[in-house]
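Side-chain atoms are counted along with the backbone in the values below, which use heavy atoms only and exclude waters and symmetry mates. In what follows, every chain begins at residue 1, and chains take the letters A, B, ... in the order their sequences are listed.
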There are 2 protein chains.
Amino acid sequence: MLLIEDDPRVRRSLHLALQDEGYEVGEAASGAAGLHQLRAQAPDVVLLDLMLPDTDGFAVCREVRRWTDVPVIIVSARTDSHDVVAGLEAGADDYVTKPLVAKELSARIRALMRRAHQPQATDPRTLDLGDISVGVDSGVVTVGGVEVDLTRTEFRLLVELCRNEGQVVSREDLLERVWGYGYLGDGRIVDVHVHRLRVKVEADPANPHHVVTARGLGYRAVP
Amino acid sequence: MLLIEDDPRVRRSLHLALQDEGYEVGEAASGAAGLHQLRAQAPDVVLLDLMLPDTDGFAVCREVRRWTDVPVIIVSARTDSHDVVAGLEAGADDYVTKPLVAKELSARIRALMRRAHQPQATDPRTLDLGDISVGVDSGVVTVGGVEVDLTRTEFRLLVELCRNEGQVVSREDLLERVWGYGYLGDGRIVDVHVHRLRVKVEADPANPHHVVTARGLGYRAVP
DNA sequence: CAGTCCTGTGACGAACCCGTGACATCCGGG
DNA sequence: CCCGGATGTCACGGGTTCGTCACAGGACTG
């Protein structure tokens, strides 16, 4: 269990309460530290505060979701329904508000673990799109067996499209999932990177067969 | 989605709100009826009220869990933490309290479905209208297996008609749902786009068999 | 510190889509 | 049979969306 919370007092009391319930608790006081720890210790649950010194909690959550399906519970003082929706949309599994009741939090964690630990198909390590192969972990992309060099943004863009193979992904979704929450700017940036991506992975970039545009809707990956 | 709730007013408003979100909602007014429906229609989510005329909601939840792992969300007026814990211990996945915020409930349902449905990669929602197949998420429409190219408006129009298959949809409704609120102008624009749609999806656009006009009322989709 | 690569922005043209108006056509009722 | 309202059809102008390029700033490396 990883506890991402900046207030030392809250962190401490939560730590103790959870320890009493039998959890091994790791701590992080900022979003960056949390993400770092996440990769280091691969916890089975993440408790995430929204108000962090460095990053927005929503952004942290989205970043987490880019890497793993670990259960995430947002713990926040913000009780507004909009925040709840935003948190869940960011990929969190649950959203509980302070002041916390330890027993309830614990019950929610158990309910979530129960659900999450069911046999589930692990996220495929490589995504295929016809003759394009995307190594999600390795970061290696090959087209027809030949390795191509993608930049970080191009890679994330391709992954995001492949994850929703066949479905239209809107510019807004792409901006949110590739560029991150709170990115300001028009969606034109997506076009540019789609173009750059096409140049690298499409046989004929002018007539794309894998990264196709759904005019007025977004982009879509087809095999 | 199965809604087990005894208060008719709450049931109705919830039903409408969830329908707007695109769910097919089944209803039950008692625990016994709920369990019966559960087996009959195998819903993908269960919303369960705690105060039921016949049985305790907790007992219903436990009974549900003996049969299936379907996601269960308890919807209750009881805000006490003990009830939350009891509900989750009874096997529920989430516990939300009244008064409800539709958006939040919807977000929680989505979060839960995301978690619960992980094994089966998101089933592509498709609407069928005879030999016309509409991929709601993919934005792909095929007629007799052949993919046709629809513009955004044509696509939305078709989706809206298919959602109410068999029923007449008025011009006003279409204007509101396809073009958006506050659209100013006569309903003639609908005619034009219906025509353009017919040209693309009907075998004989002059004698439409799928997008038929209900003179003086609106349009209707028939298989 | 210089060079290189990546990224985001602005601009521009082309393709496309949309809404409107005009006219033809159909349907039901008097 | 005729007429009026409703619907079908078409062409066109304006607006939007997308593809593409060039460029400047930033990050990273050696």
Could you pull out the protein-nucleic contacts involving nucleotides 3-7 of chain C (nitrogen or oxygen on both sides, under 3.5 Å)?
| unit_1 | atom_1 | unit_2 | atom_2 | d |
| --- | --- | --- | --- | --- |
| C:dT7 | OP1 | A:T151 | OG1 | 3.4 |
| C:dT7 | OP1 | A:T153 | N | 3.1 |
| C:dT7 | OP1 | A:T153 | OG1 | 2.7 |
| C:dT7 | OP2 | A:T151 | OG1 | 2.6 |

What's touching nucleotides 25-30 of chain D from the protein side, N or O pairs under 3.5 Å?
none

Dump the pairs, protein N or O against N or O of nucleotides 28-30 of chain C, anything under 3.5 Å, distances to one decimal.
none

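With rounding to whole Å, B:D191 atom CG is found 14 Å from D:dC10 atom P. Atom P of nucleotide C:dC26 and atom CZ of B:R198 are separated by 14 Å, given to the nearest angstrom. Rounded to whole Å, atom P of C:dG8 lies 10 Å from atom CZ of A:R156. In this structure, B:D204 atom CG and D:dG8 atom C1' are separated by 13 Å, rounded to whole Å. Nucleotide D:dG19 holds its C1' atom 14 Å from the CG atom of A:L197, rounded to whole Å.
Salt-bridge annotation for B:E5 and B:R11: absent, with no side-chain N of the basic residue lying under 4.0 Å from a carboxylate O of the acidic one.
The side-chain hydrogen bond (donor to acceptor under 3.5 Å, both in side chains) test applied to B:R110 returns A:E89, B:S106, not counting sequence neighbours. Checked against ring-ring contact (aromatic ring centres under 6.0 Å, His included), A:H193 has the following partners two or more places apart in sequence or in another chain: A:W179. Every residue meeting the side chain to side chain contact (heavy atoms under 4.5 Å, CB included) condition with B:A102, not counting sequence neighbours, appears here in chain and number order: B:A17. Residues satisfying the side-chain hydrogen bond (donor to acceptor under 3.5 Å, both in side chains) test with A:E104, not counting sequence neighbours, are A:R108. Scanning for side-chain hydrogen bond (donor to acceptor under 3.5 Å, both in side chains) contacts around B:E165 gives an empty result, with sequence neighbours left out.
Using a 4.0 Å heavy-atom cutoff across all strands shown, B:V194 reaches no nucleic acid atom at all.
Of all non-hydrogen atoms in B:L129 and B:V222, the two that sit nearest each other are CG-O, 3.6 Å. In plain terms, the two heavy atoms of B:D44 and B:M1 that are nearest each other are OD1-N, 3.1 Å.
Taking five base pairs at each end of the helix from C:dC1-D:dG30 to C:dG30-D:dC1 and finding the rotation axis that steps the C1' atoms of four pairs onto the next four gives two axes whose angle is 30°, to the nearest 10°.
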Using atom types as modelled, flag every donor-acceptor pair under 3.5 Å from a side chain in residues 74-81 of chain A to any protein atom, sequence neighbours excluded.
| unit_1 | atom_1 | unit_2 | atom_2 | d |
| --- | --- | --- | --- | --- |
| A:S76 | OG | A:R78 | N | 2.8 |
| A:S76 | OG | A:Y95 | OH | 3.3 |
| A:R78 | NE | A:D83 | OD2 | 3.4 |
| A:R78 | NH2 | A:D83 | OD1 | 3.1 |
| A:D80 | OD1 | A:H82 | N | 2.7 |
| A:D80 | OD1 | A:H82 | ND1 | 2.9 |

Counting only pairs under 3.5 Å, give me each side-chain donor-acceptor contact of residues 210-221 of chain B, with atom names and distances, residues two or more places apart or in other chains.
| unit_1 | atom_1 | unit_2 | atom_2 | d |
| --- | --- | --- | --- | --- |
| B:H210 | NE2 | B:P223 | O | 3.0 |
| B:Y219 | OH | B:R171 | NH2 | 3.3 |
| B:Y219 | OH | B:D191 | OD1 | 3.3 |

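Legend: salt bridge (Lys or Arg N to Asp or Glu O under 4.0 Å) pairs involving residues 140-152 of chain A, not counting sequence neighbours: none detected.
Between the side chain of A:Q37 and the backbone N or O of A:E27 there is at least one donor-acceptor pair closer than 3.5 Å.
Using a 4.0 Å cut-off, some side-chain N or O of B:H195 falls inside it from OP1 or OP2 of D:dC10. Phosphate contact (OP1/OP2 of D:dT7, side-chain N/O of B:R171, threshold under 4.0 Å): present. The shortest distance between the side-chain N/O atoms of B:R188 and the OP1/OP2 oxygens of D:dT7 is not below 4.0 Å. For D:dG19, the OP1/OP2 oxygens have a side-chain nitrogen or oxygen of A:Y219 closer than 4.0 Å.
Side chains of A:E202 and A:H209: no donor on one and acceptor on the other come within 3.5 Å.
In A:E24, the CD atom is not crowded: 12 or fewer heavy atoms of neighbouring residues, nucleotides or ligands sit closer than 6.0 Å.
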